[in-house]
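In this text, all values refer to a predicted model and were calculated from it rather than measured experimentally. In what follows, every chain begins at residue 1, and chains take the letters A, B, ... in the order their sequences are listed. The figures here come from the full heavy-atom set of this structure, side chains too, leaving out hydrogens, waters and symmetry mates.
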Amino acid sequence: MRLSRYFLPVQKEVPSEAQIVSHRLMLRAGMIRQEAAGIYAWLPLGFAVLEKIKQIVREEMNRAGAIEMLMPTLQPSELWKETGRYEAYGPEMLRIQDRHERELLYGPTNEDMITEIFRAYVKSYKALPLNLYHTQWKFRDETRPRFGVMRGREFLMKDAYSFDLDAAGARKSYNRMYVAYLRAFSRMGLKTIPMRAETGPIGGDLSHEFIVLAETGESGVFCHQDLLDMPIPGEDTDFDGDLEPIVQQRTALYAATEDVHDQARFEKEVPPEKRLSARGIEVGQVFYFGTKYSVPMKAVVTGPDGKDVPIEGGSYGIGVSRLVGAIIEASHDDKGVIWPDAVAPFNVAVVNLRSDDAAVSSACETAYDQLQKAGLDVLYDDTADRPGAKLSTLELIGIPTLLVIGPKGLKAGVVEVKDRRTGVTEEMPLEAAIARCARKGS
RNA sequence: CGGGGUGUGGCGCAGUCUGGUAGCGCAUCUGCUUUGGGAGCAGAGGGUCGUUGGUUCGAAUCCAGCCACCCCGACCA
């Protein structure tokens, strides 16, 4: 993408309403625009990050055996009346009437609908286990939206739903999601800790929240220090195999959010030097809720013994739009965002320091062309701005690697490769720099 | 939903107390000069002062209602 042709409305000054760093940086970097309280338009740069996150989640869900689909944003109230949640949800649910005065709602989640779909088609235990997921916009009419996309009213969420014949099967499904989440968040450059958590209005009795530690986190968290440095299960993980040891390794250590925190137990189970109390952002949650929906909605399958049994269910959410903010909270400096490579809107920016210099522009075009051919997302700053302005903007928007090409260096036969995170600049010939960028970005 | 605050060019603000036909910085546009860390000079464009009503010869300014947004709390992916 040529910057001169792109839509990147960056700002030096920030609207005064933005308080936390991720919100301020997202506004300044031209990623989002607020259209109403807690409702945002995703501008090209923000959208690019959102798509990267979505794709990582998709790959890890698929790896774990979940199957992607798409459910609508609007749902009929009847489904929710069947489960009793139409009343239980309260004013947080956005209720809408169509022209026939039919009651609809903008879905805050999809357990009811997926259960309806499941029961319509699945009749035999032979179809189990089954895990269906989608990534769709949700709406929860928070009384007080805040922190930008971290707590908006409209938000993009990946939600998966598992169906099993019995509790043991459901446990295996739960473990698959638990491990998939560890992998997905790790790929995004985040360290997450699964913590015991309240189940909230969705219900159930086994649940973990995946927490990113950040000073601006919305809730207090308490855990064993060792959870921070646990190994992440590899790509070769067998999701059909026994995942219990991986889950056990983590659940054996104390980890809880303030809602379910037990100080006495914390002090008893965790030695003083290993006690970590901090603040965290929830980026995902896994639930096992058993027959909470299958019983009232009569989602039953015929078992091997010929008898009908309600399925054992679980649901698994990842806050995709919230993750954009969470990643920034975890990865920024006073100059701006620092994107981890895997979610960066562009892997590398080619910076033309003198766009009116034929030799410089020619070298830039070569780099732009070759890096694209290497499969990278490349932003080519071909504008006539001054070097300082260019570098400041590219650092603000967090491009991980800058390939800086200017007349002085070129005369000496070198260009510069600058790493956003470390700030380290290395000089080398153009071809070597292209090879270096291609390696870093992949 | 309780408490507090703010609405004035795209963004950040002054002007409101003490009523007299709207101003500054940044951004934008034109021209010239500049170009290795947010350039300089000269010129230009852009605002029903959130909204409705009231007071007044006259309202951004005073009064009342409404709306929107932000912050603290309660609540929440």
Under 3.5 Å on both distances, the Watson-Crick or G-U partner of [N]:
N       : answer
rA42(B) : rU30(B)
rU6(B)  : rA68(B)
rG73(B) : rC1(B)
rA60(B) : none

| said: How would you summarise protein contacts on nucleotides 67-74 of chain B per nucleotide, using B for base, S for sugar-phosphate only and - for none, with heavy-atom distances below 4.0 Å? | reply: --SSBBBB
| query | Which parts of nucleotides 26-32 of chain B does protein reach within less than 4.0 Å, heavy atoms only, written one letter per nucleotide 5' to 3' as B for base, S for sugar-phosphate only and - for none? | reply | -------
| message | For a quick check, tell me whether the side chain of Gln11(A) and the base of rG10(B) share a donor-acceptor pair closer than 3.5 Å. | response | no
| said: Quick check: any donor-acceptor pair below 3.5 Å linking the side-chain of Lys335(A) to the base of rG38(B)? | reply: no
Touch check for [X], heavy atoms < 4.0 angstrom, all strands: base, sugar-phosphate only, or nothing?
X         : result
Lys158(A) : nothing
Val283(A) : nothing
Gly317(A) : nothing
Gly148(A) : nothing
Ser321(A) : nothing
Asp159(A) : nothing

Between [N] ([atom2]) and [X] ([atom1]): distance, integer Å:
X         : N       : atom1 : atom2 : result
Gln136(A) : rA77(B) : CD    : P     : 19 Å
Arg33(A)  : rC11(B) : CZ    : P     : 7 Å
Phe210(A) : rA77(B) : CZ    : P     : 16 Å
Asp385(A) : rG37(B) : CG    : C1'   : 12 Å
Leu403(A) : rG36(B) : CG    : P     : 18 Å
His208(A) : rA77(B) : NE2   : P     : 17 Å
Phe287(A) : rC76(B) : CZ    : C1'   : 12 Å
Met93(A)  : rA77(B) : CE    : C1'   : 15 Å

| Residue-phosphate contact under 4.0 Å: Arg386(A) side-chain N/O, rA39(B) OP1/OP2 | yes
| Cation-aromatic face contact Arg196(A)/Tyr254(A), 6.0 Å, 45 degrees | yes
So does [X] have more than 12 non-hydrogen atoms from other groups sitting under 6.0 Å from [atom1]?
X         : atom1 : answer
Arg421(A) : CZ    : yes
Phe47(A)  : CZ    : no
Glu215(A) : CD    : no

Pick the [atom1] atom in [N] and in [M], then give their distance to the nearest Å.
N       : M       : atom1 : value
rG4(B)  : rA74(B) : C1'   : 15 Å
rC63(B) : rU16(B) : C1'   : 14 Å
rU33(B) : rU8(B)  : C1'   : 36 Å
rU52(B) : rC41(B) : P     : 41 Å
rC17(B) : rG73(B) : C1'   : 32 Å
rG20(B) : rC62(B) : C1'   : 14 Å
rU61(B) : rG50(B) : C1'   : 16 Å
rC29(B) : rG10(B) : C1'   : 14 Å

| message | For Asp381(A) and Tyr6(A), which I'm curious about, is there any donor-acceptor pair between the side chains at under 3.5 Å? | response | no
| query | Do Phe155(A) and Trp137(A) have ring centroids that are under 6.0 Å from one another? | reply | no
Aromatic plane relationship, [Y] with [X] - under 30° parallel, 30 to 60° tilted, over 60° perpendicular:
X         : Y         : value
Phe163(A) : Phe118(A) : parallel
Phe210(A) : Tyr178(A) : perpendicular
His208(A) : Tyr174(A) : tilted

| Knowing that exactly one of Asp333(A), Thr401(A), Asp341(A) qualifies, which makes a side-chain hydrogen bond (donor to acceptor under 3.5 Å, both in side chains) with Arg420(A)? | Asp333(A)
| message | Which residue is it: Leu403(A), Val415(A), Leu3(A), Leu394(A)? I am looking for the one with a side chain to side chain contact (heavy atoms under 4.5 Å, CB included) to Val351(A). | response | Leu394(A)
| said: Consider side chain to side chain contact (heavy atoms under 4.5 Å, CB included). Of Leu94(A), Asp159(A), Thr73(A), which one does Lys138(A) pass it with? | reply: Asp159(A)
| Looking at rG36(B), rA77(B), rG38(B), which one has an atom nearest to any side-chain atom of Glu416(A)? | rG36(B)
| said: For Ile338(A), is there any backbone N or O sitting under 3.5 Å from a side-chain donor or acceptor partner on Ser331(A)? | reply: yes
| query | Taking the side chain from Asn175(A) and the backbone from Leu243(A), do they hold a donor-acceptor pair closer than 3.5 Å? | reply | no
| request: Using heavy atoms and a sub-4.0 Å distance, could you list which residues of residues 407-414 of chain A are near RNA chain B? By number, please. | output: Pro407(A), Lys408(A), Gly409(A)
| Residue met sooner reading RNA chain B from 5', once Val149(A) and Lys390(A) are mapped to nucleotides | Lys390(A)
